[in-house]
Amino acid sequence: MRIATWNINSVRLRLPRALDLIAEAAPDVLCLQETKALEDQFPAAAFAEAGYPHQAVVGMKGYNGVAVVSRLPIEETERREFCGRADARHVSVRIDGGPELHNLYVPAGGDVPDPQANPKFAHKLEFLAELRRWLADTRSAAQPMILVGDLNIAPLETDVWSHKQLLDVVSHTPVEVDALCGIQAGLGWVDAVRHRIPAEQRLYTWWSYRARDWALSDRGRRLDHVWVTPPLAGAVDGVSVLRAARGWEKASDHVPVIVDLKL
DNA sequence: ATGGTTGAGGTTCAA
């Protein structure tokens, strides 16, 4: 089973690129974040025509939004509203009667890494704490589950272009990394990508739009993740990060991450 | 220290 996750940064603007991705990588399940579309604005027919008729779509006006489109039958299990906000950051599905898959878009957290001074950063930390509690209260490490999405945190030193220079930058601060590791430890989640690509190797999934030349400066961060619970750890086969997608015409600032599971 | 770009939806906010 091939799972792809991609922060598409507007599903309507970038639908042609999503169809390119489907043609190139042929995932069984494609998880999208930042669709920036109301549910009735989601290009459901186009994905269905491309072979992905099974869909779970959560949207709001203008911002956020997540979706799962699938070749295999999926059954929506939940759409959690974290922090009491209907802000379209989560949907979970059961894939073909098998593993449950959580698709998440964690709040970016603004610019200032201080929850007192910056409500967006406080929201990010609250979101992570609630995610940890909710998973611990409602799910078990024995269940085969997949968690994907734009988690907006680069946990390892080699997940950023400069560990030292990003220690004070939202996405790589110790408090965020600790929160992410806490969620991971909760159900024993395995980082599927780092399971196959050694931590010594630098790996990014996002490059800012603001760089003059994203490839030349290569100041990236690994913000997009695929995790699995222990029962699926041995099933993780190939993983890939489609760096080339950052160079596509009208590219998203994030690139797709693809994981193959032997189920 | 600052500014740089993109997208949605409007006459700015979020990233």
Side-chain angles (χ1 to χ4, degrees), chain A residues 5-21 31-44 46 57-67 81-90 103-115 117-128 148-154 159-162 164-173 176 179-180 204-225 242-257:
Chain A
T5 180
W6 189 25
N7 178 321
I8 194 169
N9 190 9
S10 173
V11 70
R12 288 174 287 170
L13 185 75
R14 236 169 301 282
L15 175 64
R17 299 290 80 76
L19 298 176
D20 290 345
L21 171 63
C31 303
L32 301 171
Q33 303 87 32
E34 277 207 90
T35 52
K36 294 185 175 177
L38 290 162
E39 280 152 44
D40 62 11
Q41 295 173 321
F42 187 83
V57 177
V58 181
M60 61 184 289
K61 188 175 180 178
Y63 304 111
N64 306 335
V66 291
E81 292 178 355
F82 291 93
C83 305
R85 303 190 194 193
D87 56 1
R89 294 181 180 276
H90 169 269
N103 183 17
L104 280 156
Y105 176 49
V106 172
D111 288 331
V112 180
D114 175 359
N118 172 13
K120 290 182 193 172
F121 195 70
H123 176 220
K124 183 177 197 175
L125 296 180
E126 285 163 23
F127 187 102
L128 294 166
V148 308
D150 177 4
L151 305 184
N152 264 317
I153 298 172
D159 290 338
V160 292
W161 63 274
S162 168
K164 249 186 177 174
Q165 287 181 252
L166 288 175
L167 272 171
D168 286 332
V169 174
V170 172
S171 73
H172 193 61
T173 64
E176 294 167 83
L180 196 72
Y204 314 137
T205 66
W206 173 90
W207 293 260
S208 172
Y209 280 130
R210 297 175 189 177
R212 284 185 198 87
D213 184 331
W214 72 271
L216 183 66
S217 59
D218 200 20
R219 295 186 168 187
R221 307 177 199 169
R222 189 172 72 104
L223 304 179
D224 303 274
H225 299 270
L242 261 63
R243 180 183 167 104
R246 187 61 181 79
W248 286 349
E249 195 181 335
K250 297 293 286 179
S252 170
D253 45 355
H254 295 252
V255 299
V257 178

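All values below come from the heavy atoms of this structure, side chains included, with hydrogens, waters and symmetry mates left out.
At whole-Å resolution of the value, NE2 in His254(A) and C1' in dA14(B) are 12 Å apart. Rounded to an integer number of Å, the gap from CH2 of Trp248(A) to C1' of dT6(B) is 18 Å. The CG atom of Asn118(A) sits 12 Å away from the C1' atom of dA14(B) (whole-angstrom rounding). Straight-line distance from the CD atom of Gln165(A) to the P atom of dA1(B): 13 Å, rounded to whole Å. Computed from coordinates, the Asp111(A) CG to dA1(B) P distance equals 15 Å when rounded to whole Å. As a whole-Å value, the separation of Arg17(A) CZ from dG7(B) P is 12 Å.
For dT6(B), neither phosphate oxygen OP1 nor OP2 lies less than 4.0 angstrom from any side-chain nitrogen or oxygen of Lys250(A). For dT6(B), neither phosphate oxygen OP1 nor OP2 lies less than 4.0 angstrom from any side-chain nitrogen or oxygen of Arg14(A).
Residues in residues 212-221 of chain A take part in these salt bridge (charged side-chain N to carboxylate O under 4.0 Å, His left out) pairs, two or more places apart or across chains: Asp218(A)-Arg243(A).
dT2(B) and dT6(B) are spaced 23 Å apart, taking the P atom of each and rounding to whole Å. With C1' as the reference atom, dA14(B) and dG4(B) are 16 Å apart, rounded to whole Å. The same atom, C1', is picked in dA15(B) and in dG3(B); the two are 15 Å apart, to the nearest Å. When the C1' atom is compared between dG9(B) and dC13(B), the two are found 10 Å apart, to the nearest whole Å.
Among the heavy atoms of the strands lying under 4.0 Å from Arg12(A) are primed sugar atoms or P, OP1, OP2 only; no base atom is included. Heavy atoms of Arg89(A) sit under 4.0 angstrom from primed sugar atoms or phosphate atoms, though from no base atom.
Each of Asp253(A) and Gln41(A) was assigned the nucleotide of DNA chain B with the nearest heavy atom; the assignment lying further toward the 5' end belongs to Gln41(A). Residue Ala211(A) is the one, among Ala211(A) and Ala37(A), whose nearest nucleotide of DNA chain B lies closer to the 5' end (criterion: closest heavy atom).
Residue Gln33(A) forms a side chain to side chain donor-acceptor pair (under 3.5 Å) with just one option from Asn152(A), Asp150(A), Asn103(A), and that option is Asn103(A).
Contacts of Arg89(A) classified as salt bridge (charged side-chain N to carboxylate O under 4.0 Å, His left out), with partners at least two apart in sequence or in another chain: Asp87(A).
Residue Lys61(A) has its side chain nearest to dG10(B) when only dG7(B), dG10(B), dA15(B) are considered.
Between Phe82(A) and Phe127(A), the ring planes lie tilted relative to each other; the angle falls in the 30° to 60° range.
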Could you go step by step and tell me if Glu176(A) and Ser171(A) meet the side chain to side chain donor-acceptor pair (under 3.5 Å) rule? CA-CA 7 Å; Glu176(A) 294 167 83; Ser171(A) 73; 5.7 Å; no
